[in-house]
Amino acid sequence: MTMIRTRFAPSPTGYLHIGGARTALYSWLHTRRHGGRFVLRIEDTDRERSTPEAVNAILEGMAWLGLDYDEGPFYQTERYDRYRQHLQTLLDAGQAYYCYCTKDRLERLRTEQQARKEKPRYDGRCRDLDGPPSEEVADEPVIRFRTPLEGHVVVEDAIRGKVQFLNSELDDLVIARGDGSPTYNFTVVVDDLEMGVTDVIRGDDHLNNTPRQIHLYQALGFEPPRFAHVPMILGEDGKRLSKRHGSVSVLQYRDEGYLPEALLNYLVRLGWSHGDQEVFGVDELIQLFDINEVNHSASTFNPSKLQWLNQQHIMRAEPNHIARHLGPFLAERGVDPAEGPALEAVVRTQQERAKTLVEMADNSLFFYRRPEAYEEKAARKNFKEGTAEILEHCQHCFSGLPSWDAESIHGVVTEAAEAFDVKMGKVAQPLRVAVSGSAVSPPIDATLELLGREETVARVGQAAEWVRQNVG
RNA sequence: GUCCCCAUCGUCUAGCUGGCCUAGGACACCACCCUUUCAAGGUGGCGACACGGGUUCGAAUCCCGUUGGGGACGCCA
């Protein structure tokens with residue numbers, strides 16, 4: 001049994017797409033489960049659309065997700081010698097030939113075939129020529145692969161079983177351009193061969209490329225690898241997921257406050273399941289994931305479920321883990337956690353009440369920055385006649401507490417409620433608005449403990465003064 | 001147009017080795033409980049086997065057809 005070797009082979013024409021990330025995830029999990037090797041290859045033969053920025057975005061996305069690779073990244077543009085060698089092998093064996101057709105001729109051919117309601121395909125004009133034809137000759141000929149004309153090819157797929165394609169449906173695909181550079185279907189075969197890839201896991205939009213590639217493997221004298229074509233991810237309109245459906249870049253989800261493990265959890269469940277279990281850790285997934293259990297049908301991306309999973313992972317994580325991911329969001333808001341309560345402690349109070357890190361950062365600002373104003377509705381509802389006396393009472397009691405902890409603070413609040421003959425909410429809510437500026441915060445005792453005695457006393461006094469000046 | 005893939009609640013899914021399915025779970029939505037707030041949690045509700053035919057004592061499950069959806073048909077990947 002040879003070692004399993006898989007690969008992720010993105011084209012650097014943009015960011016790391018959600019769909020690509022899911023493909024990478026399935027390959028990565030399959031590899032890790034079986035103790036294999038995960039190869040990263042950058043397919044950049046499209047010189048016009050590939051950019052270094054896109055390469056960096058892909059590498060950054062992979063790193064953020066934690067999808068580490070064992071080999072590479074290999075760049076296809078650095079392997080042209082290898083492709084040339086294999087091209088020459090096919091030419092020498094008569095398995096490939098030069099095609100002198102002009103682009104104009106091919107375009108006309110395609111248009112005529114479509115007018116006849118036929119499948120557009122190369123008509124084989126140069127297939128058996130010894131040299132250039134007498135007319136309509138391209139300046140630089142391309143190289144085409146000599147596809148068998150009869151019979152069929154079977155794709156054995158780990159997810160779909162055997163899928164059969166008639167050779168008469170295929171045509172002689174271009175494997176090298178006029179400038180000599182190879183095209184995708186050729187490079188992918190050569191690379192997977194030379195990199196010893198044993199399992200190709202990719203989107204099922206490539207299922208129809210596979211019969212051509214199997215012919216190429218066989219022409220080069222090799223057995224094809226195992227294939228698993230995983231279903232697409234669709235947008236809400238049922239089409240392939242794209243920008244018009246919202247965020248589709250992995251790093252965009254990072255920026256919107258998602259944890260990498262939450263996104264991975266969501267993506268793995270979009271097509272794979274393990275009974276009714278919904279929440280998985282990455283280590284757990286490595287143990288459980290089985291490529292043969294991936295579903296056949298495409299799934300629709302649903303941000304609502306992803307948000308819930310993010311909430312589940314936030315709640316279950318160690319506070320220091322969340323604190324590390326939260327720090328950059330506070331920095332973006334001009335906040336230095338060193339100037340206030342320990343961020344880990346803040347996270348502990350907020351973990352059950354935020355679906356994203358963006359939300360958690362926004363809701364935690366008041367710990368580090370005195371609110372400049374009170375929410376109008378919250379103030380109107382909770383700052384009433386009599387509130388100033390309650391706040392000043394609490395302020396005084398807070399100042400005299402022997403120790404500043406949640407239990408002592410809770411005692412002050414319940415004592416004040418008794419002293420003023422009101423329910424606890426009539427004390428807690430004004431305190432909440434006073435220190436946070438809003439009607440929402442963690443439990444008031446924990447909130448005030450974190451804020452500190454000095455800052456609490458100052459904010460409560462300030463609010464009492466505001467009430468005297470603005471209420472009644 | 002040709003070929004390939006696919007079809008269970010609004011979304012993700014369990015179930016597909018016929019009987020255990022008056023099809024279960026999660027998310028979302030609605031209601032109630034808990035509760036100083038927001039959440040979390042608990043309980044309940046709403047909600048699906050695309051349609052037709054066949055095989056069978058019996059079909060979500062097997063077969064055929066229709067319908068609908070996705071993909072490929074680039075000198076992109």
Side-chain angles (χ1 to χ4, degrees), chain A residues 9-13 43-46 48-50 76 99 101 103 106 110 113-121 138 140-144 155 157 159-160 163-166 168-171 173-179 181-185 187-188 203-212 229 231-232 234 236 238-240 266 269-279 295-309 311-312 315 350-355 363 378 382 413-414 417 423-433 436 438-445 447:
Chain A
S11 160
T13 55
E43 301 194 329
D44 56 348
T45 53
D46 186 336
E48 292 181 0
R49 294 167 56 218
S50 302
Q76 287 191 326
C99 174
C101 294
K103 287 184 177 179
L106 295 174
R110 183 193 321 277
Q113 284 167 334
Q114 283 170 325
R116 294 196 296 267
K117 305 293 183 187
E118 289 172 7
K119 184 173 184 173
R121 49 198 295 280
E140 296 171 313
V142 303
I143 302 178
R144 286 186 184 268
V155 176
D157 192 87
I159 294 167
R160 292 157 210 287
V163 189
Q164 180 168 296
F165 296 83
L166 287 177
S168 57
E169 288 288 335
L170 313 173
D171 64 353
L173 80 165
V174 174
I175 55 175
R177 302 175 180 89
D179 65 3
S181 64
T183 61
Y184 166 76
N185 280 296
T187 57
V188 74
D204 67 9
D205 53 334
H206 285 294
L207 180 58
N208 288 311
N209 284 332
T210 312
R212 300 169 188 278
H229 289 90
M232 310 291 299
L234 308 179
E236 281 175 1
K239 305 277 190 218
R240 286 180 79 141
Y266 179 74
R269 281 289 274 116
L270 211 53
W272 173 83
S273 61
H274 188 75
D276 286 337
Q277 183 174 345
E278 301 283 349
V279 186
N295 284 347
H296 294 192
S297 55
S299 308
T300 298
F301 192 94
N302 180 13
S304 172
K305 187 72 175 287
L306 168 59
Q307 201 166 76
W308 175 78
L309 269 171
Q311 180 182 24
Q312 292 300 302
M315 288 195 303
Q350 296 281 34
Q351 264 179 292
E352 280 183 345
R353 30 181 64 79
K355 290 186 192 294
N363 292 345
N382 296 292
V413 174
T414 54
K423 288 182 178 176
M424 190 194 176
K426 295 299 180 183
V427 179
Q429 278 303 86
L431 283 172
R432 176 168 285 113
V433 177
S436 76
S438 84
V440 174
S441 87
I444 198 62
D445 46 9
T447 296

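A, B, ... follow the sequence lines: proteins, then strands. Residue 1 opens every chain.
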Atom pair CG (A/Asn302) and OH (A/Tyr266), whose distance is rounded to the nearest 0.5 Å: 5.0 Å
Gap between atoms CG and C1', on A/Leu309 and B/rU11 respectively (whole Å): 13 Å
Where protein sits on nucleotides 71-77 of chain B, one letter per nucleotide: B base, S sugar-phosphate only, - none, heavy atoms under 4.0 Å: BSBSBBB
Approximate separation, where rounding is to 0.5 Å, of A/Leu170 CG and A/Lys119 NZ: 7.0 Å
Side-chain donor/acceptor of A/Glu278 to base of B/rG25, under 3.5 Å: yes
Distance below 4.0 Å between A/His296 side-chain N/O and B/rC6 OP1 or OP2: yes
B/rG58 to B/rC12 separation - C1' atoms, rounded to the nearest Å: 31 Å
Nucleotide forming a Watson-Crick or wobble pair with B/rC32, both distances under 3.5 Å: B/rG42
Mate of B/rC73 where both pairing distances stay under 3.5 Å, Watson-Crick or G-U: B/rG1
Most 5' of A/Arg116 and A/Ala439 on RNA chain B, judged by nearest nucleotide: A/Arg116
Atom pair distance, as rounded to whole Å: NZ in A/Lys305 and P in B/rC29: 13 Å
Paired nucleotide for B/rG68 [Watson-Crick or G-U wobble; both distances under 3.5 Å]: B/rC6
Side-chain H-bond candidate by donor/acceptor type, A/Arg432 with A/Gln429, under 3.5 Å: yes
Watson-Crick/G-U partner (both atom distances under 3.5 Å) of B/rA59: none
Audit row: A/Asn363, A/Gln350, side-chain contact (heavy atoms from CB on, under 4.5 Å) steps and yes/no: CA-CA 8 Å; A/Asn363 292 345; A/Gln350 296 281 34; 3.8 Å; yes
Base partner of B/rA48, which must satisfy Watson-Crick or wobble distances under 3.5 Å: none
Short side-chain N/O contact from A/Ser438 to OP1 or OP2 of B/rU37, under 4.0 Å: no
A/Ser304 OG to A/Lys355 NZ distance, which is reported to the nearest 0.5 Å: 7.5 Å
A/Ser181-A/Asp179 side chain donor-acceptor pair, cut-off 3.5 Å: yes
A/Glu48/A/Asp46 under side-chain contact (heavy atoms from CB on, under 4.5 Å): CA gap, chis, key distance, verdict: CA-CA 6 Å; A/Glu48 292 181 0; A/Asp46 186 336; 3.8 Å; yes
Interatomic distance where CG belongs to A/Asn302 and C1' belongs to B/rC12 [whole Å]: 7 Å
Over all atoms of both residues, closest heavy-atom pair of A/Arg144 and A/Leu106: NH2-CD1, 3.7 Å
Nucleotide-resolved protein contact map, nucleotides 39-48 of chain B, B/S/- at heavy-atom distance under 4.0 Å: BS--------
Nearest-nucleotide pick for A/Arg269, side chain only, options being B/rU36, B/rU13, B/rC5: B/rU13
Rounded distance [0.5 Å steps], NE2 in A/His206 versus NE2 in A/His229: 7.5 Å
Sugar-phosphate only, base, or nothing, as touched by A/Gly271 at under 4.0 Å among non-hydrogen atoms: sugar-phosphate
B/rA40 versus B/rC4 - spacing of their P atoms, nearest Å: 49 Å
Atom P, compared across B/rC38 and B/rC30: separation rounded to whole Å: 15 Å
Distance in Å, A/Met315 CE paired with A/Glu352 CD, rounded so as to fall on 0.5 Å steps: 6.5 Å
Same-atom distance (C1') from B/rA60 to B/rU17, integer angstrom: 15 Å
Sugar-phosphate, base or nothing in reach of A/Gln164, heavy atoms under 4.0 Å: sugar-phosphate
Interatomic distance, A/Phe301 CZ vs B/rC27 P [rounded to whole Å]: 18 Å
Distance, P atom - from B/rU8 to B/rC16, rounded to whole angstrom: 16 Å
Nearest-angstrom distance from the residue atom CG of A/Asp276 to C1' of B/rG25: 4 Å
Sugar-phosphate, base or nothing in reach of A/Tyr266, heavy atoms under 4.0 Å: nothing
A/Leu207 and A/Phe165: CA distance, side-chain angles, deciding distance, side-chain contact (heavy atoms from CB on, under 4.5 Å) verdict: CA-CA 10 Å; A/Leu207 180 58; A/Phe165 296 83; 4.3 Å; yes
Comparing A/Glu169 and A/Lys426 on RNA chain B - which has the more 5′ nearest nucleotide: A/Glu169
Sugar-phosphate, base or nothing in reach of A/Pro211, heavy atoms under 4.0 Å: nothing
Sugar-phosphate, base or nothing in reach of A/Ser299, heavy atoms under 4.0 Å: sugar-phosphate
A/Gln429, nearest nucleotide to its side chain (from B/rA14, B/rC5, B/rU37): B/rU37
Intermediate values then yes/no, side-chain contact (heavy atoms from CB on, under 4.5 Å), A/Arg240 and A/Asp205: CA-CA 10 Å; A/Arg240 286 180 79 141; A/Asp205 53 334; 3.3 Å; yes
Complementary nucleotide of B/rA23, counting Watson-Crick and G-U pairs under 3.5 Å: none
Protein-nucleotide distance (A/Asn295, atom CG; B/rA60, atom P), rounded to Å: 20 Å
Atom of A/Pro231, atom of A/His296 and distance for their closest heavy-atom approach: CB-O, 3.7 Å
Pairwise C1' distance, B/rG69 and B/rA50 [rounded to whole Å]: 11 Å
Sugar-phosphate, base or nothing in reach of A/Ile444, heavy atoms under 4.0 Å: base
Rounded P spacing from B/rA7 to B/rC49 in Å: 16 Å
Candidates B/rG1, B/rC12, B/rG24 - which lies nearest the side chain of A/Lys117: B/rG1
Length of the line joining A/Glu236:CD and B/rG69:P, which is rounded to integer Å: 18 Å
Spacing of the C1' atoms in B/rG10 and B/rA48 (rounded, Å): 10 Å
